[in-house]
Amino acid sequence: MYNFTKIEKKWQKHWQANNCFNAENNSTKPKYYILIEFPYPSGAGLHIGHVRSYTALDLLARKRRAEGYNVLFPIGWDAFGLPAEQYAIINKIHPKDAVKENIVTFKGQIQSLGISFDWNREFSTTDPEYYKWTQWQFLKFYEHGLAYKSKKDINWCPNCKVGLSNEESSGGVCERCGHSVTQKEKDQWLLRMSAYAEPLLEGLDNTSFQEKIKTAQVNWIGKSTGANVKFKIKDTDQNLVVFTTRPDTLYGVTFMVISPEHPILETLKDKINNYDEVQKYQNISKNKTDFERSELNKDKTGIKIDGLKAINPVSREQIEIWVGDYVLMNYGTGAIMSVPAHDERDYEFAKKFNIPIIEVIKGGDISKEAYTGEGEMVNSGMLNGLTNKAASTEKMIQYLEDNDLGERQTNYKLQDWIFSRQRFWGEPIPMISCDDCGWVPVPEAELPVLLPEVAHYEPTDSGESPLAAIKEWVHTKCPKCGKDAKRETDTMPNWAGSSWYWLRYMDPKNNKDFVSTEALNYWGKVDWYNGGMEHATRHLLYARFWNQFLHNIGLVPHSEPFEIRTAHGMILGANGEKMSKSKGNVISPTDIVEEVGADALRTYEMFIGDYEKEAAWSTNSLKGCKRFLDRVWRLPENMNTNTGYTNESLVHKTIKKVTYDIENMKYNTAISALMIMVNEYEKMDAITRDDLLILVKLLNPIAPHITEEINELYHLGEPLCETSWPTYDEDKTIDDEYEMIVQVNGKVRGKEMISTDTSKEEMEQIAKEIDNVKKHLDGKEIVKTITIPGKMVNIVVK
RNA sequence: GCAGGUGUGGCGAAAUUGGCAGACGCACUAGACUUAGGAUCUAGCGGAGUAAUCCAUGGGGGUUCAAGUCCCUUCACCUGCACCA
């Protein structure tokens with residue numbers, strides 16, 4: 001047998017030495033930009049799941065090059081963030097060095113797979129030459145009023161004294177120490193992403209993302225339309241404004257609920273008779289985590305505000321105002337109107353606290369449950385008799401606007417992007433705080449603001465970034481007035497570096513600009529971007545937001561950065577569970593490459609099943625793929641010196657199938673078509689040089705090393721990395737003969753090989769002469785005959 | 001709850017427009033070659049039946065000459081979002 005390790009090393013070296021996969025920036029060829037989500041170089045090494053998505057797009061990259069495209073297929077490292085920092089703390093090394101080490105490991109692992117990345121464009125988000133431009137772009141956001149500082153509640157572990165992300169505080173406890181998480185107010189930088197909610201939604205129309213990814217984005221943006229309605233608070237000059245999607249039910253409002261954080265509780269506290277009780281409730285809510293306030297807390301709590309009443313703007317009835325922590329301050333106006341007759345939550349609340357329920361839509365039995373369907377409007381003044389929800393909503397909004405009681409309003413779930421992290425290992429936010437001038441941006445000429453070269457990167461007791469403890473770094477001069485000033489000690493989230501990296505790949509060595517205009521104009525959009533479903537919401541929104549902003553200020557030519565976005569399914573352990581060290585089901589790509597070679601691993605991961613679905617690892621199935629490659633290796637033993645194809649339709653059919661399947665992510669069936677080809681070749685007395693050449697060309701994107709080696713060994717043609725993609729002739733995919741199926745009453749009763757140009761009449765005649773068919777026709781009356789040329793005849797009898 | 005998706009042999013899965021259900025691969029069984037086999041080759045492989053044939057794509061119903069595919073209904077599971085007003 002052959003030495004796959006030697007062959008693979010040989011060709012990897014060859015490709016690298018000959019710059020086979022380097023994209024050119026000035027090319028007359030058409031361009032094609034293929035992007036995979038750049039990896040986070042963790043200490044655990046490359047995951048078998050990376051191999052799946054890299055190989056899949058490698059097939060496309062290799063095919064596109066063979067089709068004559070100038071292909072950009074880059075890779076780099078997303079290396080800022082918590083895991084690298086943790087790894088560094090545990091191993092007592094500087095994160096910078098930890099990252100360097102991990103990158104070496106990852107790079108070696110990826111290179112051993114033979115993915116056709118353009119390694120000349122490699123960079124890490126932690127390179128000062130890169131994060132200089134991340135900082136520069138942050139200043140652009142600031143310049144255009146989209147970066148601002150504001151107090152925000154964050155998840156806080158009082159034990160570890162550290163801010164936690166939502167992921168780190170899931171279940172309401174600190175991921176690290178198990179202590180329960182509370183909320184702490186912190187001054188944070190935010191990016192005004194909410195201003196882009198509508199463009200981010202509309203922009204999806206200019207993409208060819210997979211439908212499930214578009215849906216995920218739409219849900220995350222969470223647009224809802226309705227109205228803001230003013231409720232006058234009795235005996236005051238104040239209004240309580242609510243957002244509602246159901247202004248049509250306004251006559252059914254019997255109470256209101258406001259969030260414990262609602263400012264009216266402070267401004268009108270003199271009128272509140274049970275203010276002590278209200279304060280107590282506020283305190284309890286404050287100490288609840290988001291988790292407790294939402295998922296756990298099915299039973300709604302609340303207290304009635306004694307002393308305040310609101311007036312229903314249409315029915316003029318006096319209604320109660322309650323405080324309830326199921327109403328969130330950060331959505332809508334922090335206050336809701338409640339229509340218990342037609343909303344399940346409101347119904348539950350009203351029942352629990354004995355609040356009146358007024359029916360305004362006919363159709364259900366409101367003594368039993370809230371009726372949320374459509375129906376005729378009743379008890380609703382001018383809306384009475386209407387049966388169409390849209391019409392009554394519209395009429396009500398019109399009325400509210402005409403009478404200055406409210407206005408049409410659209411709300412989004414999408415919030416501004418909290419851009420501060422109290423961490424060491426991130427891009428320093430390039431801002432300086434001056435007592436006299438306020439926040440002042442670091443001048444462009446002084447970028448990058450480098451992370452200091454010291455070893456104090458553990459979190460501080462105060463919850464501030466570790467940078468705050470480094471006095472000589474913090475103290476600086478105000479760029480505006482020259483007085484003593486302090487640097488911002490927060491760093492950026494690790495989503496920052498991944499929000500524009502595809503632009504840098506276009507021109508990665510540029511030291512005058514984040515990317516040149518020429519490179520931008522040439523490469524344009526990413527044509528095909530693949531990544532995990534877990535990044536279909538946040539990362540993809542951040543990246544699109546960032547790009548839309550750069551486009552709006554004239555820095556990039558397209559408002560949408562990605563044309564196609566697809567998502568691969570996860571590879572699970574052999575037991576069907578997610579791979580993890582603790583479960584002991586982790587498969588290392590390096591081990592597999594050593595055992596069976598990169599080609600077999602690649603083939604297996606493409607053959608494993610539907611690319612978009614998750615799949616469990618199977619060592620047996622891997623062996624089957626290795627066996628297939630072994631058979632390919634042995635094919636030349638039975639090769640003659642002839643040219644031309646032994647089975648022309650087989651060749652054309654296979655080219656068609658593989659070409660179509662690679663474009664449509666049906667990698668498993670592409671491989672199955674190639675297996676069929678090999679099966680057929682093995683049955684032949686001998687194969688020709690052309691038979692073999694076409695096979696290695698089609699198999700090359702999947703198993704690039706072994707095919708290059710066979711091609712070279714038998715002098716079949718030019719190196720496959722320089723060759724062109726084979727084309728097929730539709731006419732030649734059709735066989736001269738085929739097996740006609742004959743059915744009687746829809747059941748198969750006979751089969752017969754016939755010539756492809758047999759007429760309908762002839763087909764029917766041949767069909768009726770088959771013995772078994774005759775038997776089933778005997779004594780019956782033929783009602784009709786359906787004949788599909790090229791397929792079958794169905795005779796219907798009585 | 002909302003949104004998206006998936007149900008096909010022992011297993012991973014195929015089935016461009018409705019047209020032989022189970023391609024291809026794994027596992028398994030028998031045989032060949034072999035000192036040996038976790039190598040290779042040959043044959044078999046959804047279920048029942050000696051066979052003709054019948055049954056079978058989560059369940060039930062329908063449309064059709066013909067349904068995994070279209071329609072109605074129902075069940076189960078997975079993923080994402082979620083007191084979002």
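Per chain, numbering begins at 1; letters A, B, ... match sequence-line order. The figures here come from the full heavy-atom set of this structure, side chains too, leaving out hydrogens, waters and symmetry mates. Everything numeric in this text was worked out from a predicted model, so none of it was measured.
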For [N], give its Watson-Crick or G-U wobble partner with both distances under 3.5 Å, or none.
{"N": "B/C11", "value": "B/G25"}
{"N": "B/C33", "value": "none"}
{"N": "B/G18", "value": "none"}
{"N": "B/A3", "value": "B/U79"}

How is [X] classified with respect to the nucleic acid when contacts are heavy atoms under 4.0 Å: base, sugar-phosphate, or nothing?
{"X": "A/Lys413", "result": "base"}
{"X": "A/Lys683", "result": "nothing"}
{"X": "A/Glu614", "result": "nothing"}
{"X": "A/Lys623", "result": "nothing"}
{"X": "A/Gly222", "result": "nothing"}
{"X": "A/Ser618", "result": "nothing"}
{"X": "A/Lys747", "result": "sugar-phosphate"}
{"X": "A/Tyr412", "result": "nothing"}
{"X": "A/His342", "result": "nothing"}

Does a nitrogen or oxygen in the side chain of [X] sit under 4.0 Å from OP1 or OP2 of [N]?
{"X": "A/Asn219", "N": "B/C84", "value": "no"}
{"X": "A/Arg634", "N": "B/C41", "value": "yes"}
{"X": "A/Arg345", "N": "B/G1", "value": "no"}
{"X": "A/Arg538", "N": "B/G80", "value": "no"}
{"X": "A/Asn679", "N": "B/G25", "value": "yes"}
{"X": "A/Thr333", "N": "B/A85", "value": "no"}
{"X": "A/Lys666", "N": "B/A15", "value": "yes"}

[X] [atom1] - [N] [atom2] separation (whole Å):
{"X": "A/Arg627", "N": "B/A39", "atom1": "CZ", "atom2": "P", "value": "6 Å"}
{"X": "A/Asn664", "N": "B/U16", "atom1": "CG", "atom2": "C1'", "value": "10 Å"}
{"X": "A/Ile671", "N": "B/A14", "atom1": "CD1", "atom2": "P", "value": "12 Å"}
{"X": "A/Tyr604", "N": "B/C11", "atom1": "OH", "atom2": "C1'", "value": "11 Å"}
{"X": "A/Asn620", "N": "B/C11", "atom1": "CG", "atom2": "C1'", "value": "10 Å"}
{"X": "A/Asn772", "N": "B/A52", "atom1": "CG", "atom2": "C1'", "value": "9 Å"}
{"X": "A/Ile213", "N": "B/G4", "atom1": "CD1", "atom2": "C1'", "value": "12 Å"}
{"X": "A/Asp346", "N": "B/A85", "atom1": "CG", "atom2": "C1'", "value": "8 Å"}

Expressed as a whole number of Å, how far does the [atom1] atom of [N] sit from that of [M]?
{"N": "B/C75", "M": "B/C20", "atom1": "C1'", "answer": "31 Å"}
{"N": "B/G59", "M": "B/U69", "atom1": "P", "answer": "11 Å"}
{"N": "B/A27", "M": "B/G10", "atom1": "C1'", "answer": "8 Å"}
{"N": "B/G12", "M": "B/A23", "atom1": "P", "answer": "15 Å"}
{"N": "B/G68", "M": "B/G9", "atom1": "C1'", "answer": "14 Å"}
{"N": "B/U63", "M": "B/C72", "atom1": "P", "answer": "15 Å"}
{"N": "B/C55", "M": "B/G62", "atom1": "P", "answer": "16 Å"}
{"N": "B/C77", "M": "B/A67", "atom1": "P", "answer": "30 Å"}

Are [X] and [Y] packed together at the side-chain level, in the sense that at least one heavy-atom pair is separated by less than 4.5 angstrom?
{"X": "A/Lys304", "Y": "A/Phe255", "answer": "no"}
{"X": "A/Glu781", "Y": "A/Val797", "answer": "no"}
{"X": "A/Arg749", "Y": "A/Ile770", "answer": "no"}
{"X": "A/Tyr611", "Y": "A/Ser53", "answer": "yes"}
{"X": "A/Thr393", "Y": "A/Ile397", "answer": "yes"}
{"X": "A/Ile676", "Y": "A/Thr654", "answer": "no"}

Could you please name the option among [options] that lies closest to any side-chain atom of [X]?
{"X": "A/Phe243", "options": "B/C84, B/A85, B/U6", "answer": "B/A85"}
{"X": "A/Ile741", "options": "B/A85, B/A52, B/C20", "answer": "B/C20"}
{"X": "A/Met675", "options": "B/A85, B/G25, B/G4", "answer": "B/G25"}

Is a side-chain donor-acceptor pair under 3.5 Å present for [Y] with [X]?
{"X": "A/Glu764", "Y": "A/Thr787", "value": "yes"}
{"X": "A/Arg408", "Y": "A/Asn228", "value": "no"}
{"X": "A/Asp630", "Y": "A/Tyr2", "value": "yes"}
{"X": "A/Glu261", "Y": "A/Gln282", "value": "no"}
{"X": "A/Tyr412", "Y": "A/Glu198", "value": "yes"}

Review point. Among all residues two or more places apart in sequence or in another chain, which pass the side chain to side chain donor-acceptor pair (under 3.5 Å) test with A/His535?
Key: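 If we apply the side chain to side chain donor-acceptor pair (under 3.5 Å) test to A/His535, skipping adjacent residues, the hits are A/Glu37.
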Point to revise | Donor-acceptor pair under 3.5 Å, A/Lys791 side chain vs B/C20 base | key: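 Result: no qualifying N/O pair found.
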Point to revise | Which residue lies more 5' along RNA chain B, comparing A/Ala673 with A/Ile336 via nearest heavy atoms | key: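 The 5'-side residue here is A/Ala673.
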**Study point:** Residue whose nearest RNA chain B nucleotide is more 5′ - A/Ile608 or A/Cys625
**Key:**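 Looking at the nearest nucleotide for each, A/Ile608 comes out on the 5' side.
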**Study point:** Check: A/Phe628 ring centre within less than 6.0 Å of A/Trp633 ring centre
**Key:**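 Ring centroids of A/Phe628 and A/Trp633 are no less than 6.0 Å from each other.
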Practice item. Return the orientation label for the A/Tyr529 and A/His539 ring planes: parallel under 30°, perpendicular over 60°, tilted otherwise. Key: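 A/Tyr529 vs A/His539 ring planes: perpendicular.
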Review point. Which label fits B/G61, syn or anti, where anti is any glycosidic angle not within 90° of 0?
Key: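 Here the answer is anti: the torsion falls beyond 90° from 0.
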Please write out each protein N/O paired with an N/O of nucleotides 62-65 of chain B under 3.5 Å, distance rounded to 0.1 Å.
residue: B/C65; atom: OP1; partner: A/Lys784; partner atom: NZ; Å: 3.3
residue: B/C65; atom: O2'; partner: A/Asn794; partner atom: ND2; Å: 3.3
residue: B/C65; atom: O2; partner: A/Asn794; partner atom: ND2; Å: 2.5

With 3.5 Å as the limit, what N/O pairs link the protein to nucleotides 42-50 of chain B?
none

